Amino acid sequence: MNGGHPAGPLARFLAWGTVFYLLLPITIVIPVSLTDQRYLSLPQEGLSLQHYARLLGSEAWLSAIGQSLWIALGATAVSVVAGTLCAIGCWRIGRRSSELVRVLMLLPLIIPSIVYAIGLYRWFGWLDLLDRLLGVTLAHGVTGIPYVVITVSTALAAFDPRLEQAARGMGASLGQTLRWVILPRIMPGILSGAIFAFIHSWDELVMVLFIASRQVVTLPRKIWDGINENLDPTMAAVAVLLILFTVLLLALDGAVRSRAGR
Amino acid sequence: MPRDAAALPAAPVAGHGLALPREAGWWLLLVPAFLLMTVLYLAPILQVLAISVTEPAPGLGNYERLLTHPGLQRVIVTTLRICLVTTILSLLLGYALSYVIALASPRAQRWWLLGVLLPLWISVLVRAFAWVTLLRRQGLVNEGLLGLGLIDRPLPLVWNEFGIVVGMVHYMVPYAVLPMLAAMREIDPRLLAAARGLGASRGTAFRRVFLPLSAPGLVAAGVLVFIVTLGFYITPAILGGGKTLMAAEWIKLQILDLVRWGMGAMLATMLVVTILTLLGIFSRILDLRRVFGGGR
Amino acid sequence: MSAATREAPLAPRAGKGTGHALELRALSKRYGAFTAVDAVSLRVERGQFLTLLGPSGSGKTTILMAIAGFVAPSEGAVLLDGRDITALPPERRAFGMVFQGYALFPHMTVAENVAFPLRVRRLSRAEREAKVRAALDLVQLDRFADRRPAQLSGGQQQRVALARALVFDPDLLLLDEPLSALDKKLRAELQEELKALHRRVGRTFVNVTHDQEEALSLSDQVAILNHGRLVQMGAPAALYERPRTRFVADFLGTSNFLRGTVQEAGDPGLALQAGGTRLLQAGADLPPGSPVLLSLRPEKIALLGEAERAANEVAGTIAAWAYLGAGYSLTVRTADLGALRVALPAWRAPIAPSEGLPVRLGWAADAAVPVLEDADAA
């Protein structure tokens, strides 16, 4: 969109200022993580990787990363399978009743996680899922469904329904149509949803604070404890690794999308 | 079984029976998500609603405390104040940003969007930590200002309401941009050029043409931002330093520290009711799927 | 039909009449208060090429979708060789279908697209490959087997869709506006190919189009639809020469309409009073006093020289004219019959047309056809 009417100076000033404000905290942790000092500060005399070394040499941090990874992978699998099937079903049924199902699937985006977290605290107590990897994985998996439903629904909106008709007309069963025609076409949407469901679980803290304590210590939980107990440059190193990881996932998503768009 | 077209069933009656399973097949696809969602999501939430009217005693006793408990009232007022300030600031910054993005060339738009969407996906915890690094007494901002001689003692930038607002606005600006940008992209930029050509100043063209056309996006963004801020937990907990209590942290205190389930569940219920009511009122202009699906 | 013929690789079947006969019995489809298809009954014989022709909204595509099984009729039945298949889901009917816009799977190569119906039927790889090759040969696309649909031209995509629809030897081939996405020249070329293909495979084809030229040139039978009803069905020439209603005369080609009243019913035909003139019309028998509507094709009107005579004559002046390459199209204003469209072959036009030029028009007694008003036809 370029109608020969560029924004005015005030708007441009505000916009640049806002982007600076948005990016400042994300970028400032990079030099802080490379500081040669033992406290949170900018590098004084030179750059140092000592805080990264301490991080990667720490049993506790590595175990937190490992647990987060397993939980996020499991949760993503749950979200992707349930969310994709649901989005396809709603798309194909396409009636009021399925619209209701779709609204139900979006609830986790609307209801604050604190409300869900306290509910889970007691519910998982009954189901004996407190402080277990399975419990956290299921909680993250369920709340990740909306991301998959949204991205897959978006992909399906661009899917030509005549392709499905064509497949059926040539004798394909429901399973064959799904496997050979629908799924390959919406794969970019599914991958996108998977990436966002993964990030959702990887970053989630509020639920973990309630349903996990000693056995399950995820990376966000470890960072939370770190912020509350000892603010040191190791935290900045963790933050940088997390930012890089997220950027990597987003780049992956961008690559998937641009390949799909071609 | 090899599917052979020659094996068409001769009896039409059998065919009638076949139409149903096909349709039912599509409904079966909903089952896993529906089960997960009801058993592991809806049930715990409904339980919270139930607890609010059953513990410690059945009845609306917990809700009466809304009228009588000064501490609770203070928390609610603080929450509403911070959310309102956050919403206004996020809309202001987000609007300017969306406006510039909408009018930029497609190439420039991609870079601007990157600047908006990248922070959206960075962990809220990492961002809160970064703000602490910047804003605390010995933080980079205070050190910098002291070093430049602009101040002679550190400013109280964090562990108060100011810090909370800085962190929350930072979180909410991208959420404000997405619906507003979607609305602005539907405005034909030639309209602005036409208004200028007809003699309107830049300000008049904006006020009389662009602003009214983008108003639905502005309202949608406002509702979305306000709703999301109501449930904030991590940012206020870290940047408020325990001194400024907002609703979510108060709920956590009631349940984990004071074990007063009824009170915690009551405020949680109030949060859900408020949010759903606002959504109900504004559902016509707020297309959630578009808000969340469009820009990501 | 035996399993043996099914398994045979795709090969031209000898002669006509090896396909299957399709019959619709009082087929109706209603969407709420709206009737998309209204009690349509028709029959296509084995090996015939039927075209459903009508303007948009005439119900022709709904009928095709009901034949394919994607639309469940509100009433009536679809019969294949006398067997009721109304309730059969589309995948059990397995008719070949060429969709509007072709609906080629964009993530598969040409060969994979054509192999799809065979893969669904779990044919062995060798069998699949042989049939795909035969089908691609049939549409002359054997060199493009490994391309993606997006790398093909519109005409090539159309042929892939044809090959895919024919590869599994379907009982019936359904075509939904198969040529509408192509430009005019390519359309003419593919019309001929489609016709040749129909002759070679000898299967029953049902085509849907809004293009009257395509319908006339391709089909053995044309069914003309309007507002969900079957208006007239017949061979192309019969429909063009003897339209039953005003709608058919107007929709197939162009036509002048003359309104008159029967004065005498005599031996050579009717004598009509139309406007201020008397017309002679052969081949109809109506009592004096009845109103008559005549359809008169522009190409059946001649420009008369001074000495020439015709059964019907009328004088007028040229109000507008256009040169169309192969001929002229004139609009002649007459005092008695209003404006008449006249088509003249350019190479033997007796005059150089110009506006205001006085002319005499003439046509034979059997040139016009009496037609019904469509309101009466119902």
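Note that the structure is predicted; figures quoted are calculated from it, not measured.
Once rounded to the nearest 0.5 Å, the distance linking CD1 of B:Ile122 with CG of A:Asp203 reads 8.0 Å. One distance of note links CD1 of A:Ile227 with CG of B:Leu125; it measures 4.5 Å at 0.5 Å rounding. For the atom pair A:Ile93 CD1 and B:Trp26 CH2, the distance stands at 9.0 Å (nearest 0.5 Å). Between the CZ atom in A:Arg92 and the CH2 atom in B:Trp27 there is a gap of 12.5 Å [rounded to 0.5 Å]. A:Ile114 CD1 to B:Met246 CE: the interatomic distance, rounded to the nearest 0.5 Å, is 11.5 Å. To the nearest 0.5 Å, atom CG of residue B:Leu42 and atom CD1 of residue A:Ile111 are 7.5 Å apart.
Only the side chain of A:Ile199 has a heavy atom closer than 4.5 Å to any heavy atom of chain B. Contacts between A:Leu129 and chain B at a heavy-atom distance below 4.5 Å are absent for every atom of the residue. Using a 4.5 Å cut-off between heavy atoms, B:Leu267 does not touch chain A at all. With a 4.5 Å cut-off on non-hydrogen atoms, B:Val166 touches chain A through its backbone and its side chain both. For B:Leu191, no part sits under 4.5 Å from any heavy atom of chain A, backbone or side chain. Residue B:Val31: no heavy atom, backbone or side chain, is found under 4.5 Å from chain A. Heavy atoms of B:Val100 lying under 4.5 Å from chain A belong to its backbone as well as its side chain. Proximity to chain B (any heavy atom under 4.5 Å) is shown, for A:Phe245, by neither the backbone nor the side chain. The contact between B:Leu40 and chain A is made by backbone and side chain atoms together, counting heavy-atom distances below 4.5 Å. Contact annotation for A:Val101: only side-chain heavy atoms (C-beta onward) come within less than 4.5 Å of a heavy atom of chain B. Heavy atoms of A:Ser113 lying under 4.5 Å from chain B are absent altogether. With a threshold of 4.5 angstrom between heavy atoms, B:Leu36 approaches chain A through its backbone and through its side chain.
Exactly one of B:Leu93, B:Leu97, B:Leu120 qualifies for a side-chain contact (heavy atoms from CB on, under 4.5 Å) with A:Leu22. That residue is B:Leu97. Results of the side-chain contact (heavy atoms from CB on, under 4.5 Å) test with B:Tyr41 over A:Ile145, A:Leu104, A:Val142, A:Leu138 single out A:Val142 as the only residue that passes.
Side-chain contact between A:Trp224 and B:Ile234: present, with at least one pair of heavy atoms (C-beta onward) separated by less than 4.5 Å. Between B:Pro32 and A:Val81, every side-chain heavy-atom pair lies at or beyond the 4.5 Å cut-off. You'll find the side chain of B:Pro44 stays beyond 4.5 Å of the side chain of A:Arg122, heavy atoms only. A:Leu40 is listed as a side-chain neighbour of B:Phe129, based on a closest heavy-atom distance under 4.5 Å. At least one side-chain heavy atom of B:Leu29 sits under 4.5 Å from a side-chain heavy atom of A:Leu178. Annotation: side chain of B:Leu30 is not in contact with side chain of A:Leu85 (no heavy-atom distance under 4.5 Å). For the pair A:Leu42 and B:Glu143, the minimum side-chain heavy-atom distance is 4.5 Å or more.
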*B:Lys252 vs A:Phe210, side-chain contact (heavy atoms from CB on, under 4.5 Å): CA-CA, chis, key distance, verdict*: CA-CA 9 Å; B:Lys252 175 242 161 195; A:Phe210 281 81; 3.7 Å; yes

_Intermediate values then yes/no, side-chain contact (heavy atoms from CB on, under 4.5 Å), B:Tyr99 and A:Arg12_ = CA-CA 9 Å; B:Tyr99 178 69; A:Arg12 297 184 71 82; over 6 Å; no

*Run the side-chain contact (heavy atoms from CB on, under 4.5 Å) check on B:Trp121 and A:Val247 step by step: do they pass?*
CA-CA 8 Å; B:Trp121 286 104; A:Val247 169; over 6 Å; no

*Step by step, would you call A:Met235 with B:Thr133 a side-chain contact (heavy atoms from CB on, under 4.5 Å)?*
CA-CA 10 Å; A:Met235 302 289 306; B:Thr133 311; over 6 Å; no

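Contacts with chain B were tallied for A:Ala236, A:Gly254, A:Gly83, A:Ser41; A:Ala236 has the most, counting heavy-atom pairs under 4.5 Å. Options A:Leu242, A:Leu249, A:Leu205 differ in how many heavy-atom pairs under 4.5 Å they form with chain B, and the most are formed by A:Leu205. Residue with the most contacts toward chain B among A:Leu14, A:Ile118, A:Leu120, A:Leu23: A:Ile118 (heavy-atom pairs, distance under 4.5 Å). With chain B as the partner, the residue from A:Ala11, A:Pro25, A:Gly89, A:Ala117 showing the most heavy-atom pairs under 4.5 Å is A:Pro25. Of all the listed residues (B:Leu230, B:Leu134, B:Ile275, B:Val124), the one sharing the greatest number of non-hydrogen pairs under 4.5 Å with chain A is B:Leu134. The candidate from B:Ser123, B:Ala194, B:Ala247, B:Ala130 with the greatest count of non-hydrogen atom pairs under 4.5 Å with chain A is B:Ser123. Counting heavy-atom pairs closer than 4.5 Å to chain A, the top residue among B:Leu271, B:Val116, B:Leu276, B:Leu140 is B:Leu140. With chain A as the partner, the residue from B:Val272, B:Leu256, B:Ile51 showing the most heavy-atom pairs under 4.5 Å is B:Leu256. With chain A as the partner, the residue from B:Leu49, B:Thr269, B:Val48 showing the most heavy-atom pairs under 4.5 Å is B:Val48.
The 12-atom threshold is exceeded at OH of A:Tyr21, counting heavy atoms of other residues, nucleotides or ligands nearer than 6.0 Å. More than 12 heavy atoms of other residues, nucleotides or ligands shown are found within 6.0 angstrom of CZ on B:Phe206.
When all heavy atoms of B:Gly231 and A:Pro112 are compared, the closest pair comes out as CA-CB, 3.7 Å. Nearest heavy atom pair, residue A:Pro108 against residue B:Met37, reads CG-CE, 3.8 Å.
Ring geometry for A:Trp16 against B:Trp112 counts as tilted: the plane angle lies between 30° and 60°, on a 0 to 90° scale.
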